[in-house]
Engineer: 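First, the structure itself, so that you have it in front of you.
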There are 4 protein chains.
Amino acid sequence: MVRERKFSDEDLFLATKELLLDYGYEGFTFGLLAERLGVSRSALYKYFGNKEELIMEFMMYELDQFMDKLRKINDYNRFEDQFDYLLELLMNHPQIHQLIEIGRHVPVNNQKLKEKNDKLDGLHLDMYQSLVGFVQQGKGEGKLKPHIPDTLIVGYILQSFLVPNFAQIPHSEWVQSIKEIIRNGMFTDDH
Amino acid sequence: MVRERKFSDEDLFLATKELLLDYGYEGFTFGLLAERLGVSRSALYKYFGNKEELIMEFMMYELDQFMDKLRKINDYNRFEDQFDYLLELLMNHPQIHQLIEIGRHVPVNNQKLKEKNDKLDGLHLDMYQSLVGFVQQGKGEGKLKPHIPDTLIVGYILQSFLVPNFAQIPHSEWVQSIKEIIRNGMFTDDH
Amino acid sequence: MVRERKFSDEDLFLATKELLLDYGYEGFTFGLLAERLGVSRSALYKYFGNKEELIMEFMMYELDQFMDKLRKINDYNRFEDQFDYLLELLMNHPQIHQLIEIGRHVPVNNQKLKEKNDKLDGLHLDMYQSLVGFVQQGKGEGKLKPHIPDTLIVGYILQSFLVPNFAQIPHSEWVQSIKEIIRNGMFTDDH
Amino acid sequence: MVRERKFSDEDLFLATKELLLDYGYEGFTFGLLAERLGVSRSALYKYFGNKEELIMEFMMYELDQFMDKLRKINDYNRFEDQFDYLLELLMNHPQIHQLIEIGRHVPVNNQKLKEKNDKLDGLHLDMYQSLVGFVQQGKGEGKLKPHIPDTLIVGYILQSFLVPNFAQIPHSEWVQSIKEIIRNGMFTDDH
DNA sequence: AATGAATGAGCGTTCATTCAT
DNA sequence: TATGAATGAACGCTCATTCAT
């Protein structure tokens with residue numbers, strides 16, 4: 001009964017993700033996105049009322065997916081296992097932190113957007129609490145140093161995956177090293 | 001005899017720095033800069049052919065200054081002292097990494113720009129090598145774990161200062177904790 | 001056997017009228033009209049080639065209806081009765097003049113439209129002549145001042161109903177006053 | 001020291017006036033205006049922050065000029081003379097009423113605009129009061145019929161000059177007839 | 001007959017950049 | 001050296017219009 005769409009939501013969200021990471025919020029334009037999808041700029045407005053809305057929807061889509069996986073951290077009882085699971089997860093979603101930062105740049109002008117933003121904040125909070133919960137479990141088990149602020153630990157772990165791997169170190173080695181730094185730092189023990 | 005310039009390079013670069021950090025690359029405009037300097041937009045074109053060039057020049061200026069200080073790391077013989085000096089330095093230039101990231105967003109369109117970009121890459125390399133030298137000294141002294149890639153160590157240290165301090169942890173405590181994570185990780189020793 | 005239309009011409013023209021009066025020619029959009037009719041925008045194109053055409057058709061429909069009533073003016077023999085009938089009629093179609101003005105804004109781009117426009121002008125002429133006929137009858141009966149141009153009299157009567165009633169004078173009083181001005185002017189007789 | 005302007009404010013306001021009358025508020029575009037002035041659209045933004053502002057400024061300019069002349073109505077003592085002066089004035093500014101109506105369409109979004117709007121409302125009020133004063137003087141002198149609402153008299157006089165002169169009746173005759181209708185209506189006295 | 005998908009022209013607006021003085 | 005005037009490309013967005021089902 002009707003023409004077939006030239007692009008799926010997945011296509012669009014994937015392109016959005018790449019462009020956002022490459023150009024940031026300001027640098028992201030409908031022109032860029034439309035070009036990448038092979039459609040006209042105006043076509044995008046059929047699905048998203050405006051730029052903010054598009055990015056908000058994308059953020060929710062992305063965070064939703066991430067949260068589904070993050071919540072599975074509670075399938076593990078021991079902190080060590082949770083830690084392994086978390087790092088594995090972050091490895092596969094290395095830019096989640098960066099995306100969230102970009103999301104903070106979205107100006108919230110109207111009611112409709114405000115609702116989306118609140119929903120997004122909710123997801124954000126979920127994630128944060130999930131991670132703080134994990135940190136506290138670690139401290140409770142005596143595994144994490146108690147005097148380091150929770151927020152620093154959380155931020156640090158997220159940030160770790162943003163270190164650019166210029167020298168193209170093989171992935172597994174890179175991750176192993178990150179894990180080790182997080183666990184035991186960079187310094188040897190004989191100090 | 002000749003009219004005096006209404007603004008110095010220092011003024012200009014300082015304003016540029018603040019604006020870049022506040023608004024990002026896309027948000028940075030000649031209008032903002034001119035306004036802050038109290039001159040007309042077109043006046044800026046006497047000194048910088050275009051926006052990219054201006055930012056490139058600024059980057060070089062900034063990196064140059066930073067490198068002058070970074071090179072002083074060699075005034076110290078012991079790795080531990082170098083480490084302390086480096087962290088102190090980074091603490092006072094927390095945005096150096098961020099600025100470099102912004103610099104990466106500058107599109108390189110023409111030859112002239114390409115030359116500047118290469119020059120900047122050169123400085124970048126200097127900095128990188130200086131830091132890698134420091135890392136190797138640390139490894140040589142048996143202080144740094146030898147199996148962690150040099151580039152990861154360098155990147156990690158730089159990145160550390162970008163973890164956002166949302167919870168407003170006092171600065172000295174925050175820095176101490178960062179140092180400790182870098183040195184000895186987040187985990188306790190009883191493992 | 002065939003699918004039934006989801007909206008009648010009457011529905012459509014009524015909606016068009018309201019929207020035109022509310023939003024003017026520029027503010028009138030297919031989107032608004034489609035929404036009010038509960039159909040898709042593209043459905044409208046089955047019946048009207050384009051926006052201008054639609055408005056033209058509407059104008060003709062509207063003028064036709066009005067003319068049917070206006071022609072009844074000839075049911076009356078005496079000018080006075082015709083005058084009363086006319087004012088009554090205009091009172092009940094106060095926007096007819098306004099709609100005609102809006103109609104003038106429609107750009108006539110192509111041949112097909114030009115034909116419609118000519119047809120509309122024809123109707124317009126009918127109306128005009130009908131009114132001029134009325135005026136001449138008035139002059140023939142010695143009721144209307146012979147030296148005032150026919151077209152001014154016609155235009156004036158039509159225009160009278162467009163004076164905005166900002167002060168919310170009650171309708172009957174307003175109309176009575178208009179009638180009086182038309183008949184005997186604003187000035188008292190003692191001059 | 002600087003390039004010469006390609007158009008004066010007078011040029012611009014004149015073009016604005018014509019376009020507003022031809023196309024209405026919605027139909028008026030920067031593209032149209034720029035084209036008529038022979039400059040680029042963006043050049044206009046040097047002088048007017050946005051469309052609303054431009055139209056507001058124009059309105060004030062236009063009303064200011066009109067008010068300067070309207071105020072001179074008080075140079076005359078007798079109502080009859082005032083009446084003659086007023087009609088003469090309106091003849092030379094036939095669209096003033098129409099322009100004000102268009103002015104009402106301008107959406108007032110921000111503070112700066114609100115101020116301009118208030119100023120405009122002030123001018124508007126001046127004009128209205130000036131005219132109502134004139135009407136009351138006429139009633140006081142027993143020249144105007146006391147039972148016709150002031151606002152209708154004012155509106156009617158303003159509206160009179162909007163009757164389109166399709167038949168191209170010579171100007172002086174047209175005006176004389178309008179005057180007569182206003183004074184003594186369309187009807188002869190023998191009724 | 002009717003639909004949702006898509007396009008393209010145009011709008012208001014911003015901004016880097018060039019021009020003429 | 002510095003300026004205000006002007007341009008043109010691009011942006012976010014709207015809407016009449018066409019397409020394919």
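Below, chains carry the letters A, B, ... as their sequence lines are ordered, and counting in each starts from 1.
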Engineer: For residues 7-14 of chain B, which side-chain donor-acceptor pairs fall under 3.5 Å, sequence neighbours excluded?
Structural biologist:
from	atom 1	to	atom 2	distance (Å)
B:S8	OG	B:E10	N	3.4
B:S8	OG	B:D11	N	3.0
B:S8	OG	B:D11	OD1	3.4
B:S8	OG	B:D11	OD2	3.3
B:D9	OD1	B:R5	NH2	3.2
B:D11	OD2	B:S8	N	3.2

Engineer: Could you tell me the separation between the CD atom of B:E53 and the CD1 atom of B:I55, rounded to the nearest 0.5 Å?
Structural biologist: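 One gets 11.5 Å once the value is rounded to the nearest 0.5 Å.
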
Engineer: Near A:Y23 OH, under 6.0 Å, is it more than 12 heavy atoms from other residues, nucleotides or ligands?
Structural biologist: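 Counting other residues, nucleotides and ligands, OH of A:Y23 stays at 12 neighbours or fewer.
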
Engineer: Can you tell me how far C1' of F:dA5 sits from CG of D:L12, to the nearest Å?
Structural biologist: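 These atoms are roughly 14 Å apart.
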
Engineer: Name all residues meeting the side chain to side chain contact (heavy atoms under 4.5 Å, CB included) criterion together with C:S40; count only those two or more places apart in sequence or in a different chain, and write none if there are none.
Structural biologist: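 Residues passing side chain to side chain contact (heavy atoms under 4.5 Å, CB included) with C:S40: C:S42, C:A43.
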
Engineer: Rounding to an integer number of Å, can you tell me how far A:F7 CZ sits from E:dG4 P?
Structural biologist: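 In whole Å, E:dG4 P lies 16 Å from A:F7 CZ.
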
Engineer: Of all the nucleotides listed (F:dA6, F:dG4, E:dT3), which has the minimum atom distance to the side chain of A:V2?
Structural biologist: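 Between F:dA6, F:dG4, E:dT3, the one nearest the side chain of A:V2 would be E:dT3.
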
Engineer: Both A:R3 and B:G38 contact DNA chain F. Taking the nearest nucleotide for each, which residue is further toward the 5' end?
Structural biologist: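 So the residue in question is B:G38.
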
Engineer: Using a 4.0 Å cut-off on protein heavy atoms (strictly under), produce a 5'-to-3' string for nucleotides 12-17 of chain F with B for base contact, S for backbone-only sugar-phosphate contact, and - for none.
Structural biologist: BBBBBB

Engineer: Output the pairing pattern of DNA chain F as a dot-bracket string, 5' first, Watson-Crick or G-U wobble with both distances under 3.5 Å, | for cross-strand pairs, [ ] for crossing pairs.
Structural biologist: .||||||||||||||||||||

Engineer: Please say whether more than 12 non-hydrogen atoms of neighbouring residues, nucleotides or ligands are located less than 6.0 Å from CD in B:Q65.
Structural biologist: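 For B:Q65, atom CD is crowded (more than 12 foreign heavy atoms under 6.0 Å).
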
Engineer: Does C:Y47 make a side-chain N or O approach to OP1 or OP2 of E:dA2 shorter than 4.0 Å?
Structural biologist: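 Yes, because at least one side-chain N or O of C:Y47 sits under 4.0 Å from OP1 or OP2 of E:dA2.
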
Engineer: Please tabulate, for the side chains in residues 117-124 of chain D, all donor-acceptor contacts under 3.5 angstrom to protein atoms that are two or more places apart in sequence or on a different chain.
Structural biologist:
from	atom 1	to	atom 2	distance (Å)
D:D118	OD1	D:K114	NZ	3.3
D:D118	OD2	D:K114	NZ	3.3

Engineer: In this structure, how many angstroms lie between the P atom of E:dC11 and the OH atom of D:Y23, rounded?
Structural biologist: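 My rounded result for the distance is 11 Å.
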
Engineer: Starting from C1' on F:dA10, measure out to CD on A:E35 and report it in whole angstrom.
Structural biologist: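 It works out to 13 Å between those atoms.
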
Engineer: Report yes if some heavy atom in the side chain of C:L162 is under 4.5 Å from a heavy atom in the side chain of C:Q98; otherwise report no.
Structural biologist: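 Touching, per the 4.5 Å side-chain cut-off.
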
Engineer: Figure out the NZ/C1' separation between A:K6 and E:dG4, and round it to whole Å.
Structural biologist: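 So the two atoms are 15 Å apart, to the nearest Å.
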
Engineer: Identify whether any heavy atom of C:F48 sits under 4.0 Å from a base atom; if not, whether one sits that close to sugar-phosphate; answer base, sugar-phosphate or nothing.
Structural biologist: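 Nothing, no nucleic acid heavy atom in range.
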
Engineer: Could you walk me through whether A:E18 and A:R36 pass the salt bridge (Lys or Arg N to Asp or Glu O under 4.0 Å) check?
Structural biologist: CA-CA 10 Å; A:E18 291 170 5; A:R36 183 156 313 194; 2.7 Å; yes

Engineer: If you pin B:A43 and D:V39 to their nearest nucleotides in DNA chain F, which one's is more 5'?
Structural biologist: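 Its nearest nucleotide being more 5', the pick is B:A43.
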
Engineer: What is the distance, rounded to the nearest whole Å, between atom CZ of D:R5 and atom P of F:dT7?
Structural biologist: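 Spelled out: CZ on D:R5 to P on F:dT7 is 12 Å.
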
Engineer: Sequence neighbours excluded and cut-off under 3.5 Å, please list the side-chain donor-acceptor pairs for residues 25-34 of chain C, or say none.
Structural biologist:
from	atom 1	to	atom 2	distance (Å)
C:Y25	OH	C:E52	OE2	2.9
C:T29	OG1	C:G31	N	3.4
C:T29	OG1	C:L32	N	3.0

Engineer: Round to the nearest Å and state the distance from D:L44 atom CG to E:dT14 atom C1'.
Structural biologist: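 The answer, rounded to whole Å, is 14 Å.
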
